[in-house]
Q: 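Got a structure here, written out as structure tokens. Questions coming.
Remember, it's 1-based here, ligands and their atoms both numbered in the order they're listed. Residues take their numbers from the sequence shown, with the count starting at 1.
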Amino acid sequence: MSIKIEENASLKNLNSFAVEACCRYLVRLKKPEQLKEILADPRFEKLPRLILGGGSNILFRQDFPGFVIQVKNRGIQLLYEDDVHYFVQAAAGENWHAFVQHSLKQGWAGLENLSCIPGTVGAAPIQNIGAYGVELEERFHALNAIDLTTGEAITFDRDACQFSYRDSLFKKNRDHYLVTDVTFKLPKNPKWKLDYAGIHEMLDDTKPVSARAISDVVCQLRQKKLPDPTLIGNAGSFFKNPLVSDDRFQMLKADFPDMPAWPQSDDLIKLSAAWLIEQCGWKGKRYRDAGVSENHALVLVNHGNASGDEIWHLAEAIIHSVKEKYEIILQPEPLIL
Ligand SMILES: Cc1cc2nc3c(=O)[nH]c(=O)nc-3n(C[C@H](O)[C@H](O)[C@H](O)COP(=O)(O)OP(=O)(O)OC[C@H]3O[C@@H](n4cnc5c(N)ncnc54)[C@H](O)[C@@H]3O)c2cc1C
């Protein structure tokens, strides 16, 4: 049976900002094999394309004039195990948080700090998702993808993905490779990461630490801090934390002694984008229905009927004022279209 191609489809329910936007064609890919048919479609070759997961890291400023392929394949399996690791493969269309919870139920630890991140498994490597002291690359083994220009299947190991802070080969070569599944390397004797943003304090110290307990605490912490996109549209952190050299940081520190910072490798210092935005007075501010969350200055929200352009207008005003005060140019984290 041939794959259904929807014309002029609304994307409002397919992006977590819940902004109104249409695409020329939408296909929901349940099996990677269906891609052959799409690649052979003459309309596909000519038009721009977008691979979509859960739409939780995208801002549509306007209608999308091409093909949207929403990845919906399912399946999770233990591929093999050795003395030290479980190698677990999940289809790209699996919901990320549901996959983490499934892994915990099977006794496969390692992803607990990444609980409650919206979106799909296939999108997780694109920006090397990270939270509460863990980045995806630390648990990543390999992924399978299809090159949309040739239709060829390719396997990428960890080095080939070129992971870095909220970045990867795939983010740099957008919509070139469609990820079909990801394999994780989960440790049999995990070392808990508890020293980040209150996890330790919230754990029940009368009980042994477990992956389950960490996951529950991470979800509680996130629910307190981050607006729920099913209630108020948002894409989580709208800006990346800026990375500066140590020299540059020392100059900033002389003028702004309270500026928070986290040393990274290679003489790089990570600054807090939320702090910079808050210092510029943006927390809780609003432009029409676009706003800055009252709880978290890094999160831009849709109070109801904001357009993608209005949200972007607010983002630009924030970028401008942070640049004026600190000479730092904030980079958006979501894909802006
Ligand atoms: C409330 C909230 C909290 C968040 N917290 C965090 C956090 O703590 N840490 C974090 O890192 N992120 C966070 N995010 C951002 C987001 O959840 C992640 O980036 C997530 O991985 C996006 O998944 P998605 O399926 O929704 O991707 P989409 O938004 O659909 O797509 C994101 C990018 O990935 C590409 N893509 C999607 N699927 C595929 C595929 N199968 N093959 C190739 N390319 C693909 C898209 O083309 C696009 O470029 C948060 C978002 C929200 C709304």
Q: In this structure, does ligand 1 have an atom that sits under 4.0 Å from one of the heavy atoms of Tyr177?
A: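 It does, in that a heavy atom of Tyr177 comes within the 4.0 Å cut-off of ligand 1.
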
Q: Supply the atom-to-atom distance His176 NE2 to Ile154 CD1, rounded to the nearest 0.5 angstrom.
A: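 That separation rounds to 7.0 Å.
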
Q: Is there a nitrogen or oxygen of Asn128 sitting under 3.5 Å from a nitrogen or oxygen of ligand 1?
A: no

Q: Could you list the atoms of ligand 1 found under 4.0 angstrom from a heavy atom of Thr120?
A: 23 (O), 24 (P), 25 (O)

Q: Taking atom types as modelled, is there a side-chain donor on Thr230 or Asp228 under 3.5 Å from an acceptor on the other?
A: yes

Q: So that I can tick it off, tell me whether Lys172 and Asp167 are bridged by a salt bridge, with the cut-off set at under 4.0 angstrom between side-chain N and carboxylate O.
A: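 Yes, charged N to carboxylate O under 4.0 Å.
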
Q: Short list, please: which atoms of ligand 1 are under 4.0 Å from a heavy atom of Arg166?
A: 11 (O)

Q: Return all side-chain donor-acceptor pairs below 3.5 angstrom for residues 241-248, not counting sequence neighbours, or 'none' if the list is empty.
A:
from, atom 1, to, atom 2, distance (Å)
Asn241, OD1, Ala273, N, 2.9
Ser245, OG, Arg248, N, 3.2
Asp246, OD1, Gln250, NE2, 3.2
Arg248, NH2, Tyr326, O, 3.0
Arg248, NH2, Glu327, O, 2.9

Q: At what distance, to the nearest 0.5 angstrom, does CG of Asn8 lie from SG of Cys23?
A: 8.0 Å

Q: Checking the N or O distance criterion of under 3.5 Å, is ligand 1 in contact with Ile51?
A: yes

Q: Below 3.5 angstrom, do we get any N/O pair linking Leu335 and ligand 1?
A: no

Q: Provide the number and element of each atom of ligand 1 under 4.0 Å from a heavy atom of Gly236.
A: 2 (C), 3 (C), 4 (C), 50 (C), 51 (C), 52 (C), 53 (C)

Q: Is it the side chain (CB and beyond), the backbone, both or neither of Val71 that lies under 4.0 Å from ligand 1, heavy atoms counted?
A: side chain

Q: Which atoms of ligand 1 sit under 4.0 Å from any heavy atom of Ala131?
A: 8 (O)

Q: I'd like to check whether Ser56 has a polar contact with ligand 1, where a contact means an N/O of the residue lying under 3.5 Å from an N/O of the ligand.
A: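 Yes, since at least one N or O of Ser56 sits under 3.5 Å from an N or O of ligand 1.
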
Q: Could you tell me which atoms of ligand 1, counted from 1 in the order shown, lie closer than 4.0 angstrom to a heavy atom of Asp175?
A: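 Per the distance check, 47 (O).
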
Q: Evaluate Arg174 for polar contact with ligand 1, using N/O atom pairs at a separation under 3.5 Å.
A: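 Arg174 vs ligand 1: no N/O contact under 3.5 Å.
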
Q: In the hydrophobic cluster built from side-chain contacts under 4.5 Å, what are the other members alongside Leu79?
A: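 When side chains under 4.5 Å apart are linked, the cluster holding Leu79 also contains Tyr80, Phe87.
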
Q: Can you report which non-hydrogen protein atom sits closest to atom 32 (C) of ligand 1, along with the distance?
A: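 Going atom by atom, the protein heavy atom closest to atom 32 (C) of ligand 1 ends up being Asn57 CB, 4.0 Å.
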
Q: Could Arg166 and Glu135 be called an ion pair, given the rule that one side-chain N must be under 4.0 Å from one carboxylate O?
A: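 The answer is yes: the pair qualifies as a salt bridge.
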
Q: Give yes or no for whether the N/O distance cutoff of 3.5 Å, strictly under, is met between Ile126 and ligand 1.
A: no

Q: Over 60° means perpendicular and under 30° means parallel, so classify the ring planes of Phe99 and Phe184, tilted if in between.
A: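 The rings of Phe184 and Phe99 sit tilted, inter-plane angle from 30° to 60°.
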
Q: Any heavy atom of Lys171 closer to ligand 1 than 4.0 angstrom?
A: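 No, Lys171 has no heavy atom closer than 4.0 Å to ligand 1.
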
Q: Relative to the heavy atoms of Gly119, which atoms of ligand 1 are at a distance of less than 4.0 Å?
A: 23 (O), 24 (P), 25 (O), 26 (O)

Q: Should the pair Tyr86 and Trp108 be assigned to parallel (<30°), tilted (30 to 60°) or perpendicular (>60°) ring geometry?
A: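 Aromatic pair Tyr86/Trp108 classed tilted.
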
